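Note that this is a predicted model, so its numbers are computed, not measured.
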Amino acid sequence: MIIRVAGGEVVDPVNGFPGKRDVWIKDGFIIEKPVSKRADKTYEVSGCVVMAGAIDIHSHIGGGNVNTARLLLPEQHAAHLKRPLHTPLANAGWSTFNTGCLYAQMGFTTVVEPAMSPTNALHTHMELADIPIIDKATLAILGNDDFLLSMIRDNASSAMIDDYVAWTVSTARSLGVKVINAGAAAAFKENIRSFALDDVIPSYGVTSRKIVETLQSAVGRLGIPHPLHVHANNLGIAGNAATAAETIRASQGQPIHLAHLQFYGYGTEGKRGFSSEAARLADLVNNTENVTIDVGQVMFGQTVTISSDVTRQYSGMRTASPKKSILFDGDGNGGGIVPYRYRKDYYGSLQWAVGLELFLLINDPWRVFFTTDHPNGAPFTAYPELFELLMRRDVRHAKMEELDHSALELTTLASISREYTLEEVAVMTRAAPAKLLGLDDRGHLGPGAIADIAVYRKGQDVQKMFRDAALVFKNGDLVVEDGVVTHYRWGKTMHLNPPLDKAIIKRMQAYHEDRYGLSLDWFTFSDSAICRETPFAEVACKS
């Protein structure tokens with residue numbers, strides 16, 4: 001069937017300037033205008049903006065941390081009083097079902113879970129497979145695991161390290177590699193409670209810097225499209241902008257992606273020793289072309305921080321709100337769940353402003369990505385409000401009047417007049433993330449792209465525009481009308497299969513039997529584990 005989306009203002013930075021034109025769909029893909037110029041079905045969208053489906057590169061939507069947060073905070077779940085006797089865990093409270101629907105209603109069609117422990121891969125993929133409509137992907141966490149740290153300590157060859165990284169990525173069915181406070185979880189086991197870039201893990205004699213460099217090089221050699229995704233040291237600490245800056249300099253020209261940079265934008269000025277260094281960081285990013293970042297914007301209200309940065313979560317427990325938390329010190333990766341309420345006080349106001357400064361002072365929308373680090377900075381449902389703050393300075397300035405002025409005086413936010421255009425929004429939320437992830441088949445509306453399309457009613461109410469999409473197509477299926485999901489379908493989980501020497505499998509088999517007394521089969525799984533036809537889609541590595 002040929003579908004015509006007719007008369008909309010198409011905002012597609014990959015394929016030219018914004019302008020009124022039709023978009024044609026056939027068999028789930030976007031096609032050139034057919035010779036017959038006839039469609040089996042036409043959707044008239046005059047007065048609307050037409051974009052590719054949006055892509056979120058950093059949102060914690062599945063896996064052990066998410067479910068642990070569900071268990072810790074039953075009072076936050078609408079279904080709390082109705083559960084839990086016969087409901088699967090993934091459907092507790094804010095369910096997998098709701099996650100897919102809420103993203104689709106906003107025009108998002110692809111979401112990346114950026115922190116999957118490889119040993120937790122099966123559970124994570126089973127949960128992601130339970131999220132309807134959208135496509136998904138994961139990033140596998142490395143950098144605190146004994147096998148890698150031992151290889152670095154023992155000066156293993158680059159080939160052996162590459163094989164281990166490739167084996168992890170392929171068996172965990174992930175789309176890339178993330179490192180979280182490299183080495184800190186291993187050092188935490190030895191009662192070390194803070195860990196900087198050049199600190200050493202006692203049992204291994206390896207620095208955090210060395211771990212990051214090792215993984216960054218392996219990702220590059222393996223042709224993994226997405227650069228090493230780095231959650232740096234010293235998250236949330238006053239003065240940690242220096243850590244972020246040093247991590248950027250340590251990349252030495254190789255591609256690197258810094259996650260939730262807002263949480264590293266802090267200086268030590270002012271009476272409270274907590275100030276904004278966002279302007280200096282933005283300037284550094286602007287002048288370092290190999291660096292991309294996502295922001296991790298803070299918005300006000302109740303949320304829960306979930307992270308495999310066990311050091312950060314340990315220190316954050318004292319400010320938990322409500323006063324309860326979970327910390328676990330696992331093998332390879334630790335982690336913690338700490339509920340938190342961002343208030344309009346000095347600290348909350350400053351964090352809010354730092355995120356916006358980064359958004360507005362980093363010039364190139366191809367290198368700054370739209371995230372709240374869901375749910376750490378705010379739930380992803382806050383995105384429409386954030387779009388409005390970026391696109392309308394009057395709304396931004398009005399919001400500033402509600403906040404702590406002494407904090408805002410230590411930022412540059414009041415002096416920034418920039419307003420994001422629709423084209424910049426399309427770059428930041430569509431074209432750029434597709435490019436960063438190596439997903440050539442999405443993020444644009446050119447012929448050959450999968451027909452992931454979001455149609456918005458253009459108006460002054462930016463929040464409403466982006467909260468309730470007029471129409472959303474996923475692979476050519478109409479799934480949302482007037483902000484309401486009208487059709488359910490299953491997306492796929494994208495993954496890589498980088499080349500490796502199969503000898504690594506024998507090494508991993510021996511390692512797991514010796515260390516855990518378990519077969520390697522406990523840590524790997526096949527497609528058949530997800531009871532659905534073709535649940536995965538393989539993405540090619542760079543040649």
Side-chain angles (χ1 to χ4, degrees), residues 115 117-119 139-165 168 177-221 227-254 256-261 263-264 266 268 291 307-317 327-336 511 514-515:
S117 174
T119 56
L139 302 179
I141 307 169
L142 289 174
N144 281 289
D145 45 304
D146 172 72
F147 196 85
L148 176 68
L149 298 179
S150 297
M151 283 197 296
I152 298 173
R153 176 197 59 202
D154 299 338
N155 295 314
S157 68
S158 296
M160 183 178 287
I161 289 172
D162 290 356
D163 285 338
Y164 174 59
V165 174
T168 303
V177 179
K178 182 182 186 185
V179 61
I180 298 176
N181 199 352
F188 190 84
K189 295 180 176 66
E190 301 184 54
N191 291 322
I192 291 174
R193 297 296 179 253
S194 64
F195 202 69
L197 187 62
D198 289 309
D199 285 347
V200 175
I201 313 168
S203 292
Y204 297 93
V206 174
T207 65
S208 189
R209 181 191 296 266
K210 180 65 175 177
I211 299 167
V212 173
E213 289 175 350
T214 300
L215 287 172
Q216 188 184 21
S217 297
V219 165
R221 288 191 297 265
L228 181 65
H229 198 97
V230 178
H231 168 131
N233 314 81
N234 294 331
L235 185 145
I237 297 174
N240 66 2
T243 301
E246 187 56 29
T247 305
I248 289 173
R249 283 190 284 270
S251 65
Q252 301 182 43
Q254 294 189 67
I256 190 171
H257 180 86
L258 291 185
H260 36 68
L261 192 63
F263 290 109
Y264 298 92
Y266 312 141
T268 57
V291 173
S307 176
S308 295
D309 186 341
V310 63
T311 305
R312 168 58 201 163
Q313 295 302 76
Y314 175 77
S315 64
M317 291 168 68
L327 195 77
F328 50 96
D329 187 9
D331 191 15
N333 296 289
Y511 174 80
D514 178 66
R515 186 169 182 83

Q: Sort and list the pairs that fulfil side-chain hydrogen bond (donor to acceptor under 3.5 Å, both in side chains) and have at least one residue in residues 147-160, not counting sequence neighbours.
A: Asp146-Ser150
Q: Does any part of the side chain of Leu215, heavy atoms only, come nearer than 4.5 Å to the side chain of Leu148, both counted from C-beta?
A: yes
Q: Distance check, rounded to the nearest 0.5 Å: Leu149 atom CG versus Leu142 atom CG?
A: 10.0 Å
Q: In plain terms, say whether Arg249 and Glu246 are close enough for a salt bridge, that is, a side-chain N and a carboxylate O under 4.0 Å apart.
A: yes
Q: Nearest 0.5 Å please: distance from the CG atom of Asn144 over to the OG atom of Ser308.
A: 9.0 Å
Q: Starting at OG1 of Thr243, measure out to CG of Asp198 and round the result to the nearest 0.5 Å.
A: 10.0 Å
Q: Between Asp145 (side chain) and Gly143 (backbone), is there a donor-acceptor pair under 3.5 Å?
A: yes
Q: Please report the interatomic distance OG1(Thr247) to CG(Asn233), rounded to the nearest 0.5 Å.
A: 6.0 Å
Q: Should Ile211 and Ile201 count as side-chain neighbours, where that means a heavy-atom distance under 4.5 Å?
A: yes
Q: Which pair of heavy atoms, one from Ala185 and one from Asp329, lies closest together, and at what distance?
A: O-OD1, 4.2 Å
Q: Can you say whether the rings of His260 and Phe263 are parallel (under 30°), tilted (30 to 60°) or perpendicular (over 60°)?
A: perpendicular
Q: Do other residues, nucleotides or ligands put more than 12 heavy atoms under 6.0 Å from Tyr511 OH?
A: yes
Q: Between Ser315 and Arg312, is there a donor-acceptor pair closer than 3.5 Å when you use the side chain of the first and the backbone of the second?
A: yes
Q: State, to 0.1 Å, how close Leu228 and Gln216 come at their nearest heavy-atom pair, and which atoms those are.
A: CD2-N, 3.6 Å
Q: Ignoring hydrogens and angles, tell me if any N or O in the side chain of Ser208 forms a donor-acceptor pair with the backbone of Ala182 under 3.5 Å.
A: yes
Q: What are the two closest non-hydrogen atoms of Ser307 and Asp309, and how far apart are they?
A: OG-N, 2.9 Å
Q: Please evaluate residues Glu213 and Gln254 with respect to the criterion side chain to side chain contact (heavy atoms under 4.5 Å, CB included), reporting the C-alpha separation (whole Å), side-chain torsions for both, the decisive distance (0.1 Å), and the verdict.
A: CA-CA 10 Å; Glu213 289 175 350; Gln254 294 189 67; over 6 Å; no
Q: Atom CZ in Phe195, atom CG in Asn181: separation rounded to 0.5 Å?
A: 7.5 Å
Q: Between Lys178 and Ile180, what is the shortest heavy-atom contact and its length?
A: CE-CG1, 3.7 Å
Q: Restricting to non-hydrogen atoms, name the atom on Tyr264 and the atom on Ala244 that form the minimum distance, rounded to 0.1 Å.
A: CB-CB, 3.8 Å
Q: Report yes if the side chains of Leu327 and Val310 come closer than 4.5 Å at any heavy-atom pair, otherwise no.
A: yes
Q: Whether the side chain of Asn234 engages the backbone of Asn240 through a donor-acceptor N/O pair (distance < 3.5 Å, no angle test) should be reported.
A: no
Q: Would you please classify the geometry between the Tyr164 ring and the Phe147 ring as parallel, tilted or perpendicular, with 30° and 60° separating the classes?
A: tilted
Q: Spell out, as yes or no, whether a donor-acceptor pair under 3.5 Å connects the side chain of Arg193 to the backbone of Phe188.
A: yes
Q: Give the minimum heavy-atom separation between Ile161 and Ala156, together with the two atoms involved.
A: CD1-O, 4.1 Å
